[in-house]
Amino acid sequence: MAFRSPMVLLGLFLLCRMLSNVQSAPIKITRETFRECRRGQWAGIPADCCPPKTIDGPIIDFSPPKLNPSKPLRVRKALQCLSGKELRTYTKKLQKGYRLMRALPDTDPRSYARQYGIHCAYATGSFIQDGSNNLTIDVHVGWYFHPWHRAYVYFHEKILQKLLNDTEFSLHYWNYDNTNSLDKNEALHDGGCYKSGLYFPPMYNDPTKATFQWNRSERAFDPKRPADLAFDGTRYNISLGPPSFPDNLTLAQIIWRNNELMHRTFLTWGNSTIAFMGKEYREGDPQALGIANGAGMQEKYSHTSMHCYVGGKMFEPKSAPEDPVFFPFHANLERLWDVWLSLGDDHRNPTSSDWLDGEFLLWDENAVMNRFRVRDFLSAEALGYTYQKANVDSWVNFDTSSPYPES
Ligand SMILES: [Cu+2]
């Protein structure tokens with residue numbers, strides 16, 4: 001009889017609501033998310049980048065490629081260690097791939113415009129959490145940052161492979177973090193890359209080629225200007241425009257700053273899962289607005305610094321991949337995620353199913369929509385590729401008590 005009392009029923013209802021709120025769930029992107037896509041914004045700047053509201057055709061569950069154990073993994077190499085014929089062949093292929101990608105019509109989800117457009121939708125709160133009116137989604141500023149971008153680069157690379165009709169094509173990486181060129185005789189003896197990656201990769205700086213983007217800062221056009229990682233991402237503010245970088249530093253000072261920053265963010269401040277991977281972010285949580293409000297150490301510092309440093313399209317989340325250099329840059333961020341995992345016992349990925357089961361949609365090389373989960377993108381090797389080893393000693397073993405070089 002007691003259950004018939006309206007007050008008891010109301011109490012039970014409220015209790016159930018409370019319990020269901022306690023239960024967490026991962027972010028999931030669905031057909032419905034696309035249907036509900038709307039005008040987004042970042043720091044008050046509007047972004048109109050929704051993909052078509054209706055996803056044509058099926059959505060397939062992503063499955064990692066079936067690998068032949070006797071075949072060596074494909075290797076993403078460090079751009080600055082390519083030389084001779086290999087460099088010439090790679091540059092030609094890369095530029096051809098982007099030429100073909102740019103030539104696809106916007107109706108094709110593999111076209112370059114649609115490739116950078118989908119990043120914009122995932123970066124500007126254009127997608128709304130299912131069942132919500134106002135909770136927007138961003139794959140930045142939080143713990144989905146690394147796996148989502150690995151998947152994004154993966155599918156982008158697959159599309160280039162398909163356009164080039166070459167399944168061995170790799171998006172090589174820009175290891176801007178390596179400040180140290182070792183002696184030539186030491187280089188490459190174990191297949192590793194020991195040349196400094198401080199300078200903008202030249203194959204992305206030819207104005208006659210499809211890998212070029214005119215909208216960059218002057219710094220990016222100066223082949224002698226070393227990358228500066230030391231901008232503090234917590235000061236990132238779109239409405240103030242790109243930050244200025246000091247013009248008067250010596251190379252030795254830039255190198256000191258970069259090594260110190262990498263060491264601090266990966267080994268001192270970044271010594272726990274949340275500190276490095278970023279804030280936990282689940283269904284029901286508001287999108288974290290602003291880098292300072294939950295980005296992990298790599299995202300917050302060296303990553304943001306490089307976006308500002310290259311500037312132009314790269315400066316804003318909504319337009320960053322309109323500059324093709326975004327991809328070798330992000331390939332390096334992904335490599336550095338693996339480096340971080342190897343640097344200490346406390347360096348572990350999140351184990352929560354809310355992270356592992358985070359679910360997203362991206363088109364593949366056949367223009368078919370793939371549903372993938374974070375857990376599918378934890379290992380480059382399982383996806384069929386690996387990274388050429390590159391020197392990280394210059395910042396891993398950096399002596400933080402070493403004096404800042406004099407001018
Ligand atoms: Cu991004």
Side-chain angles (χ1 to χ4, degrees), residues 27 29 33 37 40-43 45 47-51 109 112-127 136-159 171 173-174 176 204 213 215-216 229 231 233-234 236-238 242 265 276-279 281 287-337 340 355 358-363 370 372 374 377:
I27 295 284
I29 304 284
T33 323
C37 186
Q41 59 88 31
W42 218 96
I45 299 171
D48 286 298
C49 47
C50 283
Y112 193 44
R114 290 281 295 279
Q115 287 288 293
Y116 58 68
I118 192 74
H119 178 274
C120 175
Y122 273 107
T124 53
S126 304
F127 288 144
T136 50
I137 294 170
D138 190 346
V139 291
H140 302 84
V141 197
W143 67 355
Y144 294 127
F145 173 78
H146 283 99
W148 187 88
H149 283 84
R150 172 174 278 163
Y152 181 57
V153 175
Y154 176 84
F155 285 113
H156 187 73
E157 181 178 67
K158 286 268 162 218
I159 293 168
L171 263 171
Y173 64 93
W174 175 13
Y176 53 81
Y204 287 88
Q213 168 57 257
N215 194 347
R216 291 176 183 147
L229 305 182
F231 171 69
T234 61
Y236 179 74
N237 184 337
I238 284 194
T265 52
F276 187 83
M277 295 298 288
K279 192 174 117 155
Y281 170 47
Q287 175 192 351
L289 295 169
I291 288 285
N293 299 323
M297 282 298 145
Q298 169 154 254
E299 187 187 359
K300 194 184 289 183
Y301 290 94
S302 42
H303 157 260
T304 300
S305 191
M306 286 297 285
H307 273 287
C308 295
Y309 186 80
V310 175
K313 293 288 184 188
M314 279 278 279
F315 175 60
E316 289 186 48
K318 76 169 185 178
S319 60
E322 290 184 46
D323 189 332
V325 85
F326 176 97
F327 294 93
F329 164 59
H330 262 274
N332 194 45
L333 291 164
E334 172 192 333
R335 177 185 75 90
L336 289 170
W337 172 22
W340 176 77
W355 185 69
E359 214 170 82
F360 304 93
L361 299 179
L362 285 172
W363 279 282
N370 277 235
F372 67 89
V374 163
F377 282 85

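Atoms within each ligand, like the ligands themselves, are counted from 1 in listed order. The residues of the chain are indexed from 1 along the displayed sequence.
- Rounding to 10°, one obtains 100° for the angle at the Cu ion (ligand 1) between NE2 (H149) and NE2 (H140).
- The closest side-chain donor-acceptor pair between H146 and Q298 falls under 3.5 angstrom.
- Aromatic pair W340/F276: centroids less than 6.0 angstrom apart.
- Here H330 fails the criterion, with no N, O or S atom under 2.8 Å of the Cu ion (ligand 1).
- Here the side chain of S305 pairs a donor or acceptor atom with the backbone of F231 at under 3.5 angstrom.
- For T304 (side chain) and E299 (main-chain N/O), a donor-acceptor pair under 3.5 Å exists by modelled atom type.
- Minimum-distance N/O/S atom of H119 relative to the Cu ion (ligand 1): NE2.
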